[in-house]
Visitor: 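Dumping the structure here so I can ask a few things about it.
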Amino acid sequence: MKMSPEIQQAVAECGPALVATASKSGKPDVSAKGSFRVLDDEHVMFADVASPQTIANLTENPQVSAICLKDRYGVRIWGKAEILTEGDLFDQMAQAMAARQMTVKHLVKIAVEEATLF
């Protein structure tokens with residue numbers, strides 16, 4: 001699904017996104033992601049710096065939901081995650097996070113299936 005320019009702008013303006021995952025058995029987990037950002041009009045992404053449960057859940061069940069909030073509006077995103085540990089995109093995120101003294105273990109790229117403003 002293509003995200004509208006309004007949705008992309010809202011994601012860019014929000015603070016940390018809250019990312020929800022669930023294990024294969026359905027046990028949920030929610031984690032704040034300060035690195036959450038738009039990759040292109042069909043993908044968002046975030047870095048795993050210290051989120052072993054998020055990665056464990058996504059390994060078992062790639063379905064993910066995220067909510068980005070700012071003031072009185074926000075964006076809800078649903079999609080399917082792909083976990084990256086190498087490549088140009090991973091290297092770019094690792095470099096950006098290194099400037100903040102953070103080490104990226106995984107990059108999570110999410111193919112957006114649905115996104116709504118509220």
Side-chain angles (χ1 to χ4, degrees):
M1 180 210 142
K2 291 192 182 232
M3 292 180 287
S4 70
E6 295 81 14
I7 287 175
Q8 293 179 54
Q9 183 65 34
V11 171
E13 293 175 355
C14 292
L18 298 176
V19 175
T21 61
S23 67
K24 186 170 58 174
S25 67
K27 183 177 180 182
D29 182 67
V30 177
S31 183
K33 306 297 178 201
S35 61
F36 195 87
R37 61 189 66 170
V38 173
L39 174 59
D40 57 38
D41 62 2
E42 296 182 346
H43 299 89
V44 291
M45 64 181 182
F46 65 86
D48 162 33
V49 176
S51 301
Q53 191 60 55
T54 298
I55 297 303
N57 284 357
L58 291 174
T59 299
E60 293 181 3
N61 175 3
Q63 295 301 311
V64 61
S65 180
I67 191 167
C68 304
L69 302 169
K70 178 167 176 150
D71 300 326
R72 295 182 180 199
Y73 72 91
V75 178
R76 292 178 196 263
I77 295 173
W78 295 267
K80 187 173 182 181
E82 174 185 3
I83 300 169
L84 306 174
T85 57
E86 61 185 12
D88 290 341
L89 191 57
F90 178 89
D91 294 343
Q92 290 169 17
M93 181 66 87
Q95 185 177 15
M97 298 303 283
R100 296 166 56 187
Q101 276 65 47
M102 296 180 188
T103 301
V104 175
K105 297 175 184 165
H106 306 91
L107 177 68
V108 179
K109 178 180 170 185
I110 301 167
V112 176
E113 296 171 347
E114 185 178 349
T116 60
L117 284 167
F118 62 89

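Because the structure is predicted, anything quoted here is derived from the model rather than measured. We're numbering straight along the sequence, starting at 1.
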Visitor: Can you find a pair of side-chain heavy atoms, one from M45 and one from L107, that are under 4.5 Å apart?
Guide: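 Yes. Closest side-chain heavy atoms under 4.5 Å.
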
Visitor: Shortest non-hydrogen contact from T54 to S31?
Guide: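 Closest approach of T54 to S31, heavy atoms only: OG1-CB, 3.6 Å.
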
Visitor: According to a 4.5 Å side-chain heavy-atom criterion applied to Ile, Leu, Val, Met, Phe, Trp and Tyr, with indirect links allowed, do V104 and L39 form part of one hydrophobic cluster?
Guide: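 Same cluster: V104 reaches L39 through Ile, Leu, Val, Met, Phe, Trp or Tyr contacts under 4.5 Å.
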
Visitor: S51: which residues meet the side-chain hydrogen bond (donor to acceptor under 3.5 Å, both in side chains) condition with it, sequence neighbours left out?
Guide: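 Only K33 meet the side-chain hydrogen bond (donor to acceptor under 3.5 Å, both in side chains) criterion with S51.
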
Visitor: Taking side chain as C-beta onward, heavy atoms only, is V108 less than 4.5 Å from I55?
Guide: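 A side-chain contact under 4.5 Å exists here.
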
Visitor: Drop me the distance from I110's CD1 to F36's CZ, to the nearest 0.5 angstrom.
Guide: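 It is 5.0 Å, given to the nearest 0.5 Å.
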
Visitor: Are any side-chain N or O atoms of Q8 and backbone N or O atoms of M3, one a donor and one an acceptor, separated by less than 3.5 Å?
Guide: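 Pair found, side chain donor or acceptor close to backbone of M3.
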
Visitor: Could you see if M1 belongs to whatever hydrophobic cluster contains I77? Use Ile, Leu, Val, Met, Phe, Trp, Tyr and a side-chain cutoff under 4.5 Å.
Guide: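 Linked, M1 and I77 end up in one cluster.
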
Visitor: Flag the pair R37 / F46 as yes when at least one side-chain heavy-atom distance between them is below 4.5 Å, and no otherwise.
Guide: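 A side-chain contact is absent here, since even the closest heavy-atom pair is not under 4.5 Å.
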
Visitor: For T59, check side-chain hydrogen bond (donor to acceptor under 3.5 Å, both in side chains) against everything at least two apart and list the hits.
Guide: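 Once residues adjacent in sequence are excluded, T59 has no partner under the side-chain hydrogen bond (donor to acceptor under 3.5 Å, both in side chains) criterion.
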
Visitor: In a table with atom names and distances, give each donor-acceptor pair under 3.5 Å that connects a side chain of residues 15-27 to protein atoms at least two apart or in another chain.
Guide:
{"unit_1": "T21", "atom_1": "OG1", "unit_2": "N57", "atom_2": "ND2", "d": "2.9"}
{"unit_1": "S23", "atom_1": "OG", "unit_2": "S25", "atom_2": "N", "d": "3.4"}
{"unit_1": "S23", "atom_1": "OG", "unit_2": "S25", "atom_2": "OG", "d": "3.0"}
{"unit_1": "S23", "atom_1": "OG", "unit_2": "G26", "atom_2": "N", "d": "3.4"}
{"unit_1": "S23", "atom_1": "OG", "unit_2": "K27", "atom_2": "N", "d": "3.1"}

Visitor: Could you check V49 against T103 for side chain to side chain contact (heavy atoms under 4.5 Å, CB included), going step by step and ending with a plain yes or no?
Guide: CA-CA 6 Å; V49 176; T103 301; 5.9 Å; no

Visitor: Could you tell me if the side chain of S35 sits less than 4.5 Å from the side chain of M97, heavy atoms only?
Guide: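 Yes - at least one pair of side-chain heavy atoms lies under 4.5 Å apart.
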
Visitor: When you look at F90 and Q95, which way does the side chain to side chain contact (heavy atoms under 4.5 Å, CB included) test go after all the steps?
Guide: CA-CA 9 Å; F90 178 89; Q95 185 177 15; over 6 Å; no

Visitor: Any pair with a residue in residues 91-118 that passes salt bridge (charged side-chain N to carboxylate O under 4.0 Å, His left out), sequence neighbours left out, goes on the list, sorted by first then second residue, please.
Guide: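 Salt bridge (charged side-chain N to carboxylate O under 4.0 Å, His left out) check on residues 91-118 returns no pairs.
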
Visitor: Do any pairs count as a salt bridge (charged side-chain N to carboxylate O under 4.0 Å, His left out) and have a residue in residues 47-70, sequence neighbours left out, and if so which ones?
Guide: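 Non-adjacent pairs meeting salt bridge (charged side-chain N to carboxylate O under 4.0 Å, His left out): zero.
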
Visitor: For residues V44 and M93: do they belong to one hydrophobic cluster (side chain heavy atoms under 4.5 Å, members Ile, Leu, Val, Met, Phe, Trp, Tyr)?
Guide: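 No, because V44 and M93 fall into different hydrophobic clusters, even though each may have its own neighbours under 4.5 Å.
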
Visitor: Table please: side-chain donor-acceptor pairs of residues 78-89 below 3.5 Å, with sequence neighbours left out.
Guide:
none

Visitor: With sequence neighbours left out, what residues match D41 under salt bridge (charged side-chain N to carboxylate O under 4.0 Å, His left out)?
Guide: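 Testing D41 for salt bridge (charged side-chain N to carboxylate O under 4.0 Å, His left out), a comparison that skips the adjacent residues, returns K2.
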
Visitor: Shared ILVMFWY cluster between Y73 and V11, side chains joined below 4.5 angstrom?
Guide: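 Per the 4.5 Å side-chain linkage, Y73 and V11 are not co-clustered.
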
Visitor: Holding to side chain to side chain contact (heavy atoms under 4.5 Å, CB included), I want the full list of residues that pass it with A111, two or more places apart in sequence or in another chain.
Guide: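 By the side chain to side chain contact (heavy atoms under 4.5 Å, CB included) rule, A111 matches H43.
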
Visitor: According to a 4.5 Å side-chain heavy-atom criterion applied to Ile, Leu, Val, Met, Phe, Trp and Tyr, with indirect links allowed, do V75 and I67 form part of one hydrophobic cluster?
Guide: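 The answer is no; the residues belong to distinct hydrophobic clusters.
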
